[in-house]
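Numbers restart at 1 for each chain; the letters A, B, ... are given by sequence-line order, proteins then strands. Just so it is clear, the model here is predicted, and its values are computed rather than measured.
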Amino acid sequence: MSEPGGAAASPGSGDGRVVVDLRGIRKEFPGVVACDGANLTVRAGTIHALLGENGAGKTSLVNVLGGVYLPDAGEIWVHGQQRQFHSPADAIAAGIGMVHQEFRLVPTLTVFENVVLGSAPRYLNMGQIIERVAHLAATYSLQTDPSRPVWQLSVGERQRVEILKALWRDADVLVMDEPTAVLTPAEAADLGLTLRSMADRGRSVVYISHKLDEVLSVCDEATVLRNGVTVAQPRSLAGIDRSDLAEMMVGEAATQIQRPAERPSGDIVLELSGVSALSDRGLPALHSVDIDVRAGEIIGVAGVSGNGQRELAEAIAGLRPTTAGTMLLAGVDITGASPRSRSRAGLAYVPEDRLGMGLAPAMSVVDNAVVRSYRSMRRRMMLDLRRCEEFCRRLVERFDVQAGRIHEPVGALSGGNLQRLLLGRELTGEPKMLVAAQPTRGLDVAGIAAIQEQIVAQRAAGVGVLLISEDLDELLALSDRLIVMYEGQVAALMDPTQVTRAEVGAAMAGSTSTVSGGNS
Amino acid sequence: MTDPGAAPEPTHAPLHTVSRGRARWHRGLVRPVLQRRADVVPAAQAVAFVIGIVVALIAGALLLLAAGNDPAQVYGRMVDSSLGGINSISRTLLRATPLALAGLAVAVAGSMGLWNIGAEGQMMAGATVAAGFAMSAGDLPGPLLIVMMLIAGAVGGVILMVGPALARAYLGVSEIITTLMLVEVSIRVVEWLETGPWKDPESQGFALIEPLPDQASLPGLFGRAHIGALFAVALLVAFWLAVSRTAWGYELRMAGSSPATARYAGISLQRKVLAALLLSGGLAGLAGAIELTGTATRLDPGLSNGYGFAGIIVAALALMRPSGVAAVAFVFGAVQVGGQSIQTLGVTSSIATILQAMILIGALVAAVLLNYRVRWVRPVGHPAEETAPPAGPAPGGAPPSGGSSNPEASGV
């Protein structure tokens, strides 16, 4: 649609006019910098791919565009005007429509009711509204029956309703966050046609995906994010192939720390046999997992998130009860042991949720430093505060934590410092086994290097390490052996020196190339 | 902290939406946005507390003027009656003591993120058990009897809290509801005792409980204050030490501040919940027994006098900190004494109560606002010239009749 009061956009794709321009966006969450220096330039009549690995900041960036998050820094320009979106409503008013991964529809209402909800024209009767919705749907080849209740619809149909909602509100720019993740291949093809017809009418689409083939076939331009920074903005995808895109997304692995080549031959420190556990919702999340970790060995755990990695880490840490199987730590049965006795037996655990579980954000650096050791800092009934402070100072110094004052809340520290503090605390007791879940996620380059260095140092010191990560390059560089989790099971055990990213990726996807539906 | 009330600017006229004609005056207006602060300095809290009270006093002055009273005279009397001289201060202390003890009881639970709303009931239960003990062992010597009564009071408070504490720790039943409901139970029990089992045979038909033995009354401190004030201070200090200097307190703080971290550290949340709630109940029960032995000659259903509920306000204003509880309880006590005394100046009791409420609201609002800073935001992209004569067909210069798409209709 055209700009109100301004010159109409010429139909047809790619007239070069910039519709959306995000400049230098920074968005920080407690402990994690999601975006820092992210740019996105979307032209009228184009389908623009937003690419990046997990945690690269794609979703955060589009949430800034959609008014869900207020950016900490950076500028949002829409139609050549700088804007500030304080709510999604502001963004919608500016012509930005979003289709989130989880749909936001009222199941008991019909398709047209959902589409016009809150913005029904008062001068029309219901029949006329239905007619308009149907007309709008037909214009963009969105097959749907306006009078059907939404609860009866398939996932693909619901997505079409979401698109219709955005079109009804006259969105110039439609943002779709991993739209094909929930679609069958045929539905994905239909979606491609719809998006193309929108682009042909002068609208723009921001298309988030990690499926490179799909991006190459659907999209006109691309923006590639890596660690929250825009690293490439090809104006045209013609002449670019999969591996080029993959390289832009991943960057060079050269900066990665590499484990030494020699093979570990220590005793087994952690042995899981037939371990099963339930998810938070009470559904089976781990099925009969067998893992053994030797002293001085890093076992990498790969997998698309939600395939049991978190449950695995929590089961080992004693935070999640197991329903079957046994766990031995250095030969001692720890199945059913409390988190504290596991910790005493030599288990260190860096949880995925570093601020919230690993560290208590509102408590001071000192309080957080002594989480594992405060019981040994008692003098009769009292806690020996001087010893706690001394312990904390040593920890901060040894692991290079940039903490302003040690009595300030830990939540004020940056992500890298939080992780150094957490990892340092866990390593202070000279553990036999380290379980680290996503230890480098969301950190900057220096932070990542520091954490990886520590992990490799632990390996050298004879600690067994279970490294759960979504960063394949990290896993390939650091692991002695690589496990791939799929639907709560160990789907593959690989030698990182012998496999390619693609092979690991195939195992992560369950070794089948078809799109698995319903896994949102 | 965005402003949900502000409608979007109608710069982009949606074809299918209808004008609501609203939000036009927002254009170009600077609007306040509240942003949460990361840290608040305790000293700033005290300052905000005072500012809040001053603002409330100014508003109260207007109210007094409207009601035909002289604010200067009324405020003068309030200060004089509550703080002017040993006797006045003793009256304030008399009030502040149960407020501080109840506030401490609420703060103990509050430091773990739990709300003991029923301190009023536990005070009553404590007083009841203490009175029962005095009646059955009335021939004990004074000091021993008082000590035993105080212990009995704490036991009474714990007994009333056992149910809510177990339900909260093991079943996740909200302690807010259970403790509140038991307030009614404990007061009715005293009413029943008053008309039945414990009825004073010499009361000649009046519903009165037997008087306490003469030796069951707390020694005085000065003026009307009794040594319960010293107990309150000692308990506040003990609680401060326990929370900030012991491993137990560390675990309590950890469990309250970040339950997941506590679990991760191997701290049993359930045991901490039990400990915090039972301790809270015990302290409230003790407050009841102190009030009984300090101020009353016999148990009656009005003994707790709203102190338990006021304790919630005291603890909340003090941000669950022991030092804050002492300060707030003293101020609160002074306001109560002052509010009562100004009735002799012809200020009606309802105005006096409103005045008390305003002072507390002022302090509360100040304490909350202190957690935020106000940022004045000028909507970007809607420069002031939009309100000036039209500057050509600028993009975004849509006619206001284009209306705003309804914020509730957000498709996200």
Pairs of donor and acceptor atoms involving the side chains of residues 233-245 of chain B, under 3.5 Å and at least two apart or interchain, shall be tabulated with distances.
from, atom 1, to, atom 2, distance (Å)
Ser244(B), OG, Trp240(B), O, 2.7

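Both the backbone and the side chain of Val370(A) come within less than 4.5 Å of a heavy atom of chain B. Only the side chain of Leu385(A) comes within contact range of chain B, with at least one heavy atom under 4.5 Å from a heavy atom of that chain. Residue contact with chain B, scored on non-hydrogen atoms closer than 4.5 Å, is absent for Arg344(A). Neither the backbone nor the side chain of Arg342(A) comes within contact range of chain B; no heavy atoms are under 4.5 Å apart. Contacts between Leu359(A) and chain B at a heavy-atom distance below 4.5 Å involve the backbone alone (N, CA, C, O).
Open room surrounds CH2 on Trp115(B); 12 or fewer heavy atoms of other groups in view lie less than 6.0 Å from it.
Chosen from Leu383(A), Val115(A), Asn114(A), the residue pairing most often with chain B at heavy-atom distances under 4.5 Å is Leu383(A). Counting heavy-atom pairs closer than 4.5 Å to chain A, the top residue among Ser268(B), Ala247(B), Ala265(B) is Ala247(B).
Between the OG1 atom in Thr261(B) and the CG atom in Asp353(A) there is a gap of 8.0 Å [rounded to 0.5 Å]. Atom OH of residue Tyr374(A) and atom CD1 of residue Ile267(B) lie 4.0 Å apart, to the nearest 0.5 angstrom.
In this structure a side-chain-to-backbone donor-acceptor pair under 3.5 Å is present from Tyr264(B) to Tyr349(A).
Residues of residues 249-258 of chain B having a heavy atom under 4.5 Å from any heavy atom of chain A, listed by number: Tyr250(B), Glu251(B), Arg253(B), Met254(B), Ser257(B), Ser258(B).
Shown here are the side-chain hydrogen bond (donor to acceptor under 3.5 Å, both in side chains) partners of Glu175(B), two or more places apart in sequence or in another chain: Arg168(B). With sequence neighbours excluded, no residue forms a ring-ring contact (aromatic ring centres under 6.0 Å, His included) with Phe112(A).
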